[in-house]
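The structure appears right after this line, and notes come after that.
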Amino acid sequence: MSAPPVLWLCVGLPALLLDSMASDAGEQPPRALVASRGSQRWIHSANREAYISGVRSQQPVATAMALQPDLQLQAYCEQREGELLQQLALWAYRFSSQLSLAPPAALLLEVGASLRLFGGLPPLREELQTGLDDLGYRYRIGVAPTPLGARLLARLSGPEVFDKPTLEQALAEAPIDTLLLDEKTRKGLRQAGLRSTGQLLQLPRDALARRFGPKCSLYLDRLRGHSDDPQHIFSPPEHFEQRLELLQEVENTASLIFPLRRLIETLAAQLTARDCGVSQLQLQLQHPRSEATLMHIRLLEPSGNASRLLRIARQQLDQQQLPEPVRALQLNAPELLPVIRDGGDLFAKSGAGQRGHQEVLEQLAARLGENSVHQLGLHDDHRPECAGVRLILGQKNDKKSTVSVPGLPRPLWLLPQPQPAPAGLLLESGPERLENGWWEEPDVRRDYYTARDRAGLRYWVFEHRGQPGKLYVHGFFG
Amino acid sequence: MHSLDQLLQSQPLLWRGKQHPAAQRTASTGHATLDAFLPGGGWPLGALTELHSLGPGSGELSLLTPALARETARGERVALVAPPVPPYPPALAAAGVVLSQLWVVAPQPCLNHKNTNSQRSKEALWAAEQLLRSGTFAAVLLWLPQATATQLRRLQLAAETGGSCWALAYRPDQAAAQSSPAALRLQWDQTYLRVLKCRGSNPGELLLKEATPPPNTPAHHWPRAANEQLSL
């Protein structure tokens with residue numbers, strides 16, 4: 001099958017920041033964002049109410065205020081707009097994975113490869129528009145075989161163009177001022193008597209390059225698709241970090257569940273977009289004065305399921321003591337991991353509706369502490385205390401487990417710290433001498449015996465070489 | 001009458017004297033003599049078994065390792081809840097237990113609770129109940145230094161809900177005199193295994209090991225008795 005033709009769709013968002021500020025309440029006051037450079041201040045974008053009274057972008061603020069005295073002005077913040085564009089890109093990731101940000105406020109999606117999935121351009125466009133309407137953004141869409149062509153058509157609200165010859169025709173009418181060229185070049189072109197892009201495209205390429213520099217002719221080549229226009233493909237961030245300021249301070253953990261759900265749902269949306277999961281989360285409960293309470297939420301395997309993440313976080317939150325009221329929540333996921341989709345065991349013993357073993361173990365770890373649920377592993381070491389390792393949830397045994405199990409007696413229980421032996425022990429067998437190199441810690445030079453007390457309990461005891469007679473219990477034969 | 005009968009049958013709470021002992025599913029213990037001795041021919045599944053012992057060192061865990069080894073080798077999961085001492089992986093592996101199928105749930109000792117024993121038991125009971133109810137573990141072993149009859153009943157019910165899980169609670173020897181709703185109650189004193197209570201069968205006693213020589217004679221190759229040294 002041949003590769004589908006390249007087709008770019010540009011979503012222009014002329015008032016991204018302003019639209020994001022609109023509240024849900026129906027009646028909006030006329031509002032505009034103000035951009036400034038030095039002492040110059042001009043209207044960056046205006047909402048519909050302000051537009052009706054004649055406020056336009058690029059207008060000086062004084063003019064706008066004269067047209068609409070009730071105009072509410074707010075400062076335009078480029079950084080905030082960039083963040084919004086990133087968020088929107090995450091949302092738009094479902095339409096195409098070949099997506100790039102076109103600042104100041106446009107997204108470019110390569111939709112040629114997505115057409116089969118959506119069943120053609122009209123259904124895709126409809127879904128995109130419905131989504132943008134729901135989010136409350138004003139937008140313009142342009143479709144063309146080149147990225148710059150799509151951007152230009154979005155600015156002009158032009159027709160959808162699917163091939164390069166049609167694109168040239170569509171561009172012919174575009175005014176010079178709509179081209180993405182710097183102000184100096186545009187002025188030069190205007191002074192040369194050019195008005196439309198059609199006229200510009202008829203000029204000899206070499207002459208244009210001499211007169212207006214290589215940038216201008218490269219732009220025109222890319223616009224028409226005569227030369228390649230590589231795009232910086234957007235990739236969703238590798239980690240998740242989001243903070244949520246609470247409207248009022250919260251004193252009990254139960255009231256934190258609702259804001260936590262919002263954070264986890266945002267995380268889950270990002271995870272779904274990337275087809276990823278998380279195996280650990282950090283939740284910070286920030287207080288007005290004291291240091292933030294830090295909670296670690298661990299899962300046995302990566303998951304992107306919001307309700308599962310919430311259940312585990314909630315289990316742990318219930319146990320948490322709050323030193324002070326909580327002012328803000330911050331959720332961090334340091335690593336997004338691919339999800340293992342094993343689909344579960346078809347013939348599993350568990351009936352429908354019962355949870356998998358991972359979920360149960362995660363639940364236990366969340367309530368009892370993450371170190372309280374572990375597995376056991378072997379380690380190649382003849383010192384008894386080093387021959388076994390504890391593996392906490394999700395940890396793999398990275399140490400060699402090809403341990404030859406000794407034929408000598410080993411107790412089923414081993415004390416983490418040897419204890420002085422009780423009086424009245426009788427030694428049954430031994431000694432078995434265990435020693436390690438002097439360069440290793442802990443230094444072990446011991447003679448081990450099995451022993452029995454009067455009640456018949458069997459112990460594994462040792463004495464240090466060089467200190468005979470002082471016995472220590474190290475384990476029990478359970 | 002018929003529907004009443006059905007209703008009563010569906011209640012796991014109800015134990016009826018006439019219940020057929022064969023209805024109890026069991027799993028082999030791995031010891032032929034023990035299988036023959038236990039009513040039903042093995043460890044009861046979907047029910048709670050109590051094992052009263054003197055504590056770590058009485059050979060109480062090695063009584064169960066053959067069954068644990070078989071279940072883990074079959075790819076089933078087993079869990080140890082609140083063991084009194086950390087289990088020693090090499091010894092478990094030597095007994096044939098597949099370590100990757102074994103989980104240890106050890107509630108951390110909580111310092112701000114005065115009665116740590118009861119707190120530990122509470123957490124162990126809660127954890128065991130979750131594991132049993134999930135039905136994803138073939139065996140759940142738990143250690144209960146303290147438990148009330150109500151807590152044990154909850155555990156017995158969880159074992160019944162979980163389906164075919166082998167639930168076994170280690171309890172101190174002193175608790176043998178108390179009553180308990182467990183389906184099978186055993187007492188272990190290193191040589192003898194005593195059945196204290198069993199559904200559908202009678203109590204009895206089994207000699208499991210040949211009596212070891214009385215512990216007051218020192219091993220022949222050992223020149224001195226340790227207690228002499230220690231009494232110095």
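Every heavy atom of this structure was used, including side-chain atoms; hydrogens, water molecules and symmetry mates were not. Numbered from 1 within each chain, the chains take letters A, B, ... in sequence-line order.
Among Leu102(B), Asp189(B), Leu64(B), the residue with the largest count of heavy-atom pairs under 4.5 Å with chain A is Leu102(B). Between chain B and the residues Gly388(A), Ala365(A), Pro411(A), Pro416(A), the largest count of heavy-atom pairs under 4.5 Å involves Pro411(A). If you tally non-hydrogen atom pairs under 4.5 Å between each of Ala82(B), Pro83(B), Pro87(B) and chain A, the highest count goes to Pro87(B).
For Ala455(A) against Leu54(B), the heavy-atom pair with the smallest separation is O-CD1, 4.0 Å. Nearest approach of Gly55(B) to Leu457(A), heavy atoms of both residues: O-CD2, 4.3 Å. Here the closest non-hydrogen pair linking Val389(A) and Pro89(B) is N-CG, 4.3 Å. Minimum interatomic distance between Tyr88(B) and Ala387(A) (heavy atoms only, all atoms of both residues): OH-CB, 3.6 Å. Annotation for Gln375(A) and Leu99(B): closest pair NE2-O, 3.7 Å, computed over non-hydrogen atoms. Ala127(B) approaches Leu364(A) most closely through the heavy-atom pair CA-CD2, 3.8 Å.
No more than 12 heavy atoms of other residues, nucleotides or ligands shown are found within 6.0 angstrom of CZ on Arg154(B). No more than 12 heavy-atom neighbours from other residues, nucleotides or ligands sit within 6.0 angstrom of CZ on Arg314(A).
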Using the rule given for side chain to side chain contact (heavy atoms under 4.5 Å, CB included), can you reason through Leu92(B) versus Leu412(A), listing the C-alpha separation, both sets of side-chain angles and the distance that settles it, and then say yes or no? CA-CA 6 Å; Leu92(B) 283 169; Leu412(A) 281 165; 3.7 Å; yes
Which is it for Trp413(A) and Glu60(B) under the side chain to side chain contact (heavy atoms under 4.5 Å, CB included) test, yes or no, and what are the steps along the way? CA-CA 11 Å; Trp413(A) 304 118; Glu60(B) 77 291 353; 2.9 Å; yes
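Using cut-offs of 30° and 60° on the angle between ring planes, the pair Phe137(B) and His357(A) is perpendicular.
If you measure heavy-atom distances from Ser53(B) to chain A, you find no contacts under 4.5 Å at all.
Pro90(B) is listed as a side-chain neighbour of Leu378(A), based on a closest heavy-atom distance under 4.5 Å.
Expressed to the nearest 0.5 Å, how far CH2 of Trp103(B) lies from CG of Leu391(A) amounts to 11.0 Å.
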